[in-house]
Amino acid sequence: MKRVLVTAGNSNLGKAIRKKFEREGYDVWYTVSDKSKVDSEKAIPVDLRSEDEVKKAFSLLDKLDVLVNNAGIFTEGKQDSLPLTSFDDVFSLNVKGLFLTTREFLPLLKESDGSIVNISSMNAIHPGFGTTAHYDASKGAVSSYTKSLAEETGLRVNAVAPGLIERDALKGSQLEEYWKSHTVKKAMMKTEEIAETVYFLATCAGIYGQTILVDNGFTLL
């Protein structure tokens with residue numbers, strides 16, 4: 001049985017990705033940042049920003065076929081007044097955490113000729129909504145890292161760049177209305193749709209170093 005690890009597997013998108021791989025018969029492991037949220041023997045509590053914790057936590061796994069780097073945080077604020085802590089928090093998890101996790105598993109992935117799927121964002125290649133330059137930059141780093149790592153390792157390393165993900169807090173909001181007025185399909189993204197693309201990139205052949213937009217055509221308009 002093939003094994004996948006999904007970071008931040010208890011997030012809304014993480015759960016959808018886990019379910020997709022479970023349906024396809026994978027042995028699914030995932031990380032959680034809060035020990036109180038460990039709800040399965042396959043859940044690994046770990047602070048992905050800590051090199052020591054990453055090394056200790058992931059020593060449990062001796063085989064891996066797919067790594068999905070889903071963990072990340074979003075903050076916003078005007079760049080002329082953004083606290084340094086907000087900038088550091090975003091880059092510490094979105095970029096450093098992804099790097100530490102990937103580095104830890106590269107030997108196992110090379111052994112299995114496995115694949116990596118990183119979660120980037122449409123903001124990596126399209127401006128966000130006005131106060132997200134630091135977040136956009138972190139996701140731009142994810143997409144650049146994806147491309148270079150594929151060339152360096154010869155592994156299938158790709159990224160998914162989701163658009164605005166549907167959630168209850170956005171229903172009826174101005175952001176939802178703005179989104180729908182600027183997309184080809186007048187809807188926000190569903191986590192299940194993004195999970196399908198993640199699985200496709202994890203298992204397909206011939207695609208290396210690409211960032212695939214899943215945004216209902218927002219960036220076309």
Side-chain angles (χ1 to χ4, degrees), residues 3-18 21 28-38 42-61 64-77 82-110 114-124 128 132-150 152-153 155 157-162 165 191 194-195 198 201-202 209 211:
R3 176 178 289 168
V4 59
L5 176 76
V6 181
T7 63
N10 59 347
S11 67
N12 287 338
L13 179 55
K15 289 176 182 176
I17 295 170
R18 282 166 48 200
F21 278 93
V28 180
W29 291 68
Y30 58 100
T31 72
V32 296
S33 58
D34 185 345
K35 291 182 179 180
S36 68
K37 294 183 178 179
V38 172
K42 301 293 181 68
I44 304 173
V46 58
D47 182 351
L48 297 174
R49 302 166 298 180
S50 166
E51 183 176 18
D52 290 341
E53 283 202 33
V54 165
K55 287 182 176 296
K56 181 179 179 181
F58 293 149
S59 64
L60 295 168
L61 299 180
L64 193 66
D65 299 283
V66 178
L67 171 62
V68 180
N69 283 310
N70 170 60
I73 60 172
F74 171 86
T75 66
E76 60 180 326
L82 186 78
L84 182 58
T85 53
S86 292
F87 180 92
D88 286 343
D89 287 347
V90 165
F91 271 80
S92 185
L93 184 57
N94 295 8
V95 182
K96 178 184 174 184
L98 180 148
F99 161 72
L100 290 173
T101 304
T102 301
R103 186 181 67 177
E104 193 66 23
F105 284 115
L106 277 177
L108 293 182
L109 291 166
K110 289 178 179 178
S115 64
I116 300 171
V117 182
N118 298 320
I119 303 301
S120 181
S121 168
M122 72 162 200
N123 292 27
T132 59
H134 61 298
Y135 171 81
D136 301 356
S138 76
K139 290 303 187 177
V142 170
S143 290
S144 293
Y145 184 74
T146 295
K147 182 180 294 186
S148 295
L149 190 66
E152 177 182 327
T153 63
L155 295 173
V157 186
N158 293 289
V160 177
I165 297 175
T191 54
I194 299 165
V198 169
L201 288 175
T211 295

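Note: hydrogens, waters and symmetry copies are ignored here, and every other heavy atom, side chains too, is used. Note that the numbering runs from 1 along the sequence shown for the chain.
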Contacts of [X] that satisfy side-chain hydrogen bond (donor to acceptor under 3.5 Å, both in side chains) - sequence neighbours left out:
X    : value
Y135 : none
E53  : none
E152 : none
N118 : N69, T146

Please name all residues satisfying side-chain contact (heavy atoms from CB on, under 4.5 Å) with [X], sequence neighbours left out, ordered by chain then number.
X    : answer
T31  : L5, T7, V46, L48, F58
S143 : S120, A124, T211
K110 : T153, L155
K56  : none

task = Check salt bridge (Lys or Arg N to Asp or Glu O under 4.0 Å) between R49 and all other residues, then give those that pass, not counting sequence neighbours.
result =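 If we apply the salt bridge (Lys or Arg N to Asp or Glu O under 4.0 Å) test to R49, skipping adjacent residues, the hits are D47.
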For the atom pair [atom1] ([X]) and [atom2] ([Y]), what is the distance rounded to the nearest 0.5 Å?
X    : Y    : atom1 : atom2 : answer
L67  : T102 : CG    : OG1   : 5.0 Å
H134 : D136 : NE2   : CG    : 8.5 Å
N70  : R18  : CG    : CZ    : 10.5 Å

Could you pull out the closest heavy-atom pair between [X] and [Y], with the gap in Å?
X    : Y    : value
A202 : V66  : CB-CG1, 3.8 Å
M122 : A161 : N-CB, 3.7 Å
A16  : A195 : O-CB, 3.6 Å
N158 : G209 : OD1-N, 3.1 Å

ask   = Would you say D65's side chain and R3's backbone share a donor-acceptor pair under 3.5 angstrom?
value =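 Flag set: sc D65 to bb R3 pair under 3.5 Å.
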key: T132, L82, V90 screened by side chain to side chain contact (heavy atoms under 4.5 Å, CB included) with E76, the one that passes   =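 The residue from T132, L82, V90 that satisfies side chain to side chain contact (heavy atoms under 4.5 Å, CB included) with E76 turns out to be T132.
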query = Please, which pairs that meet side-chain hydrogen bond (donor to acceptor under 3.5 Å, both in side chains) have at least one residue in residues 85-95, sequence neighbours excluded?
reply =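 Every pair satisfying side-chain hydrogen bond (donor to acceptor under 3.5 Å, both in side chains) with a residue in residues 85-95: N94-S138.
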inquiry  = I want to check something: taking the side chain as every heavy atom from C-beta on, are I119 and V198 in contact at a cut-off of under 4.5 Å?
reply    =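 I119 reaches V198 side chain to side chain.
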query = Heavy-atom distance under 4.5 Å between the side chains of V4 and W29, does that happen here?
reply =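 Counting from C-beta outward, V4 and W29 never come under 4.5 Å.
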ask   = Which residues pass the ring pair (Phe, Tyr, Trp, His ring centres under 6.0 Å) test with F91, sequence neighbours left out?
value =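 F87.
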key: No-hydrogen, no-angle side-chain donor-acceptor test under 3.5 Å, D34 and S36   =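 Judged by distance alone, the side chains do pair up.
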inquiry  = By the salt bridge (charged side-chain N to carboxylate O under 4.0 Å, His left out) test, which pairs, at least two apart or in different chains, include something from residues 94-108?
reply    =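 For residues 94-108: E51-R103, K55-E104.
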request  = Give the intermediate values and the outcome of side-chain contact (heavy atoms from CB on, under 4.5 Å) for residues I44 and Y30.
outcome  = CA-CA 6 Å; I44 304 173; Y30 58 100; over 6 Å; no
